[in-house]
Amino acid sequence: MAGESILIVEDNEKNLKLVRDVLQFNGYQTLEAGSAEEGIDLARSRRPALILMDLQLPGIDGITALSRLRGEESTCHIPVMALTASAMSDDRARIREAGFDGYMPKPISVRDLVSKVERILVTAATASIDTTATED
Ligand code: MN
């Protein structure tokens, strides 16, 4: 399943570098944005297989960005995983309700990151196969 392009939207340089290095080491291509606005533009133009979205960003936040992505035909199908410093159960519920496909608590665990990314990509691929099957 490697080789897919993954968009990282993260304003913290250290986190961005960690996520980029881990994904590239595991064979993924990366696209990077330091703000949600920039990330939305890249999602539209490059159609990544997955977006990793920090929640606290300069300008619009990750939850607002998710709703904009879901509101557009060209980006609504792209799975989005939240990157969040908050692991409180209230926040987890809020993230789930917002419609994220998963979340990654910070500090980021390299092993968890890789397994969650793989799982979301497999789920997305399976969902698109199912859709094709029912349309026939
Ligand atoms: Mn941030």
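Each ligand, and each atom within it, is numbered from 1 in the order the structure gives.
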Separation of S35 OG from I40 CD1 (nearest 0.5 Å): 8.5 Å
Atoms of the protein (N/O/S only) found under 2.8 Å from the Mn ion (ligand 1): D11 OD1, D54 OD2, Q56 O
Distance, nearest 0.5 Å, that separates CG of L23 from CG of L50: 8.0 Å
Exceeds 12 heavy-atom contacts within 6.0 angstrom, atom CZ of R46: no
K106 bridged to E10 by N-O distance under 4.0 Å: yes
Any donor-acceptor N or O pair under 3.5 Å, side chains S115, D112: no
Value rounded to 0.5 Å, distance of OG in S5 from CG in L31: 5.0 Å
